[in-house]
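Every heavy atom of this structure was used, including side-chain atoms; hydrogens, water molecules and symmetry mates were not.
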Amino acid sequence: MKTLEQLRFDNSYARLPERFYSRVRPTPRGEPYLVAFNPEAARLLELDDGEAERADCAAIFAGWRLLPGAEPIAAVYAGHQFGVWVPRLGDGRAILLGEALTEAGSRWDLQLKGAGPTPYARMGDGYAVLRSTIREYLCGEAMAGLGIPTTRALCIVGSDAPVYRETVETGATLLRLAPSHVRFGSFEYFAHSGQPEQVRQLADYVIALHFPEQARLPEAERYPAWFAEVVARTARLIAQWQAVGFAHGVMNTDNMSILGLTLDYGPFGFLDAYEPGFICNHSDTFGRYAFNRQPAIAHWNLACLATALLPLIPEAELRAALERFPLLFDEYYLALMRAKLGLTEAREEDAELIGDWLDLLVRGHLDYSNSFRALCRFRLDGEHRELRDRCLDRGAFDAWAARYRARLLAEGSCDRERRARMERVNPKYILRNYLAQVAIERAKEKDFAEIERLRALLAEPFAEHPQMEAYAAEPPEWGRHLEIDCSS
């Protein structure tokens with residue numbers, strides 16, 4: 001394991017021409033103190049956990065002191081925000097400190113969020129608040145625990161310097177990790193500003209570092225195969241979001257990762273009661289990014305990316321790849337939902353069986369995650385009162401349960417084996433907004449223990465954790481309608 005000074009940097013993005021970024025130094029404020037340190041993320045970097053105990057740890061992670069080899073830059077990109085084209089965005093409050101290489105051959109961007117303005121801040125102050133950094137820190141780890149591709153976070157550093165949002169809040173910085181922070185909007189920026197050669201240069205860069213199979217192909221095949229892989233990764237990611245009940249909240253093209261990662265946690269939300277049209281972002285007045293619209297929005301965003309790639313790929317091949325998105329999404333989603341229901345065979349009637357189960361949840365206002373977890377305990381010879389008693393229409397539940405039982409019997413399903421399988425894919429614990437809010441309120445009082453308690457729990461969301469049973473509960477009344485917006 002390494003010390004911070006032993007991290008080996010290879011800053012490939014900083015070696016691209018400077019039209020891809022601006023060189024900038026962090027300008028943190030206030031006396032820094034460590035709020036949270038993630039040992040799992042430290043292991044990704046092959047970093048010794050003991051580095052969190054250093055006297056200068058907080059100063060380094062806040063950006064007061066740069067590590068040897070770091071070359072801080074802020075990337076430029078554009079994007080469609082709520083469907084409206086914005087020609088120049090960029091890292092307004094994020095600074096890429098550098099890219100750390102591990103002995104295992106991994107490459108990790110070390111990006112500092114909230115360390116001051118950059119040339120892309122667009123009149124913003126460039127700082128982050130404790131509230132938003134805690135939410136991103138915890139949700140990145142929650143998604144990783146669920147097996148969903150995501151950015152991660154190494155630590156949060158707090159400061160008592162005031163940050164002005166709707167009210168005066170406590171400032172903080174987050175050190176985020178990802179193999180790359182390149183977005184759909186990175187390509188859009190160059191395509192729509194008349195720089196087709198930079199579109200090619202960025203594509204070559206991304207393919208060479210992150211798409212080895214496509215990199216080995218001849219040029220005529222390389223770019224179409226790469227775009228097809230981006231489509232597939234995006235379809236798989238959104239299917240995972242839908243299956244676990246996660247709503248992103250701000251699926252702008254500048255928040256879509258070219259690697260198929262969950263990127264930029266803001267007003268996200270996991271479903272409590274199942275509500276297909278759930279809007280987690282209070283700023284999303286018209287529900288553009290409602291939960292049930294995420295697959296269509298991802299498809300639309302991929303079409304925007306395809307337009308940006310016209311200098312590289314024939315239109316017919318772009319269209320062919322785009323047309324596969326709905327088919328791929330359905331394939332991934334149905335496979336995930338079959339697993340959640342404990343089914344081992346693919347059958348034509350699966351979509352109807354799954355859809356009718358979800359309809360029961362809607363009509364009964366039933367909790368999404370807890371209902372699936374309860375379904376793990378379904379017995380072929382049982383009355384299923386645990387689920388039945390929650391349903392408003394018990395006749396409809398009985399009819400569905402009879403069909404489900406018949407299907408399980410046709411597969412030769414065994415209760416004990418099926419339950420074990422289902423509990424490996426149906427989480428008992430998710431990052432409900434009220435749980436994050438409790439951690440935030442305690443952190444405001446300098447009590448950071450709840451952050452670590454949640455992080456450790458969400459790293460193993462499928463286990464029972466009997467001593468943590470209360471964290472699986474549905475939200476209390478005060479936590480049912482928390483307003484989360486883009487400043488979150």
Side-chain angles (χ1 to χ4, degrees), residues 1-11 14 23-74 91 93-103 106-118 125-134 136-138 140-141 151-163 169-178 181 443-452 455-456:
M1 290 299 188
K2 302 170 183 173
T3 66
L4 287 165
E5 285 76 14
Q6 290 172 328
L7 289 176
R8 183 162 58 97
F9 285 95
D10 176 40
N11 303 319
R23 296 192 180 274
V24 61
R25 291 184 69 89
T27 53
R29 301 187 303 172
E31 190 68 25
Y33 51 85
L34 193 63
V35 171
F37 183 85
N38 183 356
E40 298 296 329
R43 280 190 271 280
L44 295 176
L45 294 171
E46 300 171 349
L47 188 66
D48 193 313
D49 290 1
E51 292 297 277
E53 307 301 323
R54 291 171 46 155
D56 60 350
C57 168
I60 292 171
F61 292 144
W64 284 104
R65 183 162 75 80
L66 294 179
L67 293 171
E71 296 180 66
I73 58 174
D91 291 330
R93 61 170 179 171
I95 298 172
L96 177 61
L97 299 177
E99 303 162 43
L101 299 182
T102 68
E103 299 303 320
S106 299
R107 176 184 298 270
W108 291 100
D109 278 7
L110 273 59
Q111 188 184 70
L112 195 60
K113 293 188 68 175
T118 76
D125 60 20
Y127 297 103
V129 297
L130 184 62
R131 168 176 53 99
S132 64
T133 56
I134 290 172
E136 177 155 1
Y137 177 85
L138 289 175
E141 295 312 294
T151 58
R152 307 287 292 272
L154 179 64
C155 63
I156 301 171
V157 174
S159 162
D160 291 332
V163 177
E169 299 192 50
T170 301
T173 56
L174 178 86
L175 188 59
R176 185 163 73 179
L177 309 181
H181 285 87
K444 290 178 181 177
E445 304 300 321
K446 300 288 177 42
D447 176 0
F448 307 131
E450 189 67 9
I451 300 173
E452 174 55 23
R455 185 207 64 78

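- Under 4.0 Å is where a charged nitrogen must lie from a carboxylate oxygen, and between Asp48 and Lys2 no such pair does.
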Give every donor-acceptor pair under 3.5 Å between a side-chain atom in residues 24-34 and any protein atom, sequence neighbours left out.
residue : atom : partner : partner atom : Å
Arg29   : NH2  : Pro162  : O            : 2.6
Tyr33   : OH   : Asp160  : OD1          : 3.1

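- Once rounded to the nearest 0.5 Å, the distance linking CE of Met1 with CG of Leu45 reads 10.0 Å.
- Nearest heavy-atom pair across Ala172 and Thr133 is CB-OG1, 3.5 Å.
- Ionic pairing of Glu5 and Arg65 is present here: one or more N-O contacts between side-chain nitrogen and carboxylate oxygen are shorter than 4.0 angstrom.
- Between Arg23 and Glu71 a salt bridge is recorded (basic side-chain N to carboxylate O distance below 4.0 Å).
- A distance of 11.5 Å separates CD in Glu46 from CD in Gln6, rounded to the nearest 0.5 Å.
- Under the 3.5 Å distance criterion, with hydrogens and angles disregarded, no donor-acceptor pair is assigned to the side chains of Glu99 and Asn11.
- The OG atom of Ser159 sits 10.5 Å away from atom CG of Leu130, with the distance rounded to the nearest 0.5 Å.
- In terms of the salt bridge (charged side-chain N to carboxylate O under 4.0 Å, His left out) criterion, residue partners of Arg176 (sequence neighbours excluded) are, by chain and number, Glu136, Asp264.
- Taking every heavy atom of both residues into account, Ala443 and Phe448 meet most closely at O-CE2, 3.4 Å.
- Residues Glu452 and Phe37 share a closest heavy-atom pair of OE1-O, 4.1 Å.
- Of all the heavy atoms in Thr173 and Gly114, the pair that sits closest is CG2-O, 3.2 Å.
- The side-chain heavy atoms of Asn38 and Glu141, taken from C-beta on, include a pair separated by under 4.5 Å.
- The CG atom of Leu96 lies 4.5 Å from the CG atom of Asp109; values are rounded to the nearest 0.5 Å.
- Ala153 and Leu174 get closest at one heavy-atom pair: CB-CD1, 3.7 Å.
- Taking the side chain as every heavy atom from C-beta outward, Leu7 and Leu110 approach each other to under 4.5 Å.
- Summarising the geometry, atom CZ belonging to Arg107 is positioned 12.0 Å from atom CZ belonging to Phe9; distances are rounded to the nearest 0.5 Å.
- Taking the charged nitrogens against the carboxylate oxygens, Arg43 and Asp49 do have a contact shorter than 4.0 Å, which makes a salt bridge.
- Side chain of Glu51 to main chain of Thr3: no donor-acceptor pair is present (N/O by atom type, distance under 3.5 Å, no hydrogens or angles).
- Here CG of Leu97 is found 10.0 Å from CZ of Phe61. Values are rounded to the nearest 0.5 Å.
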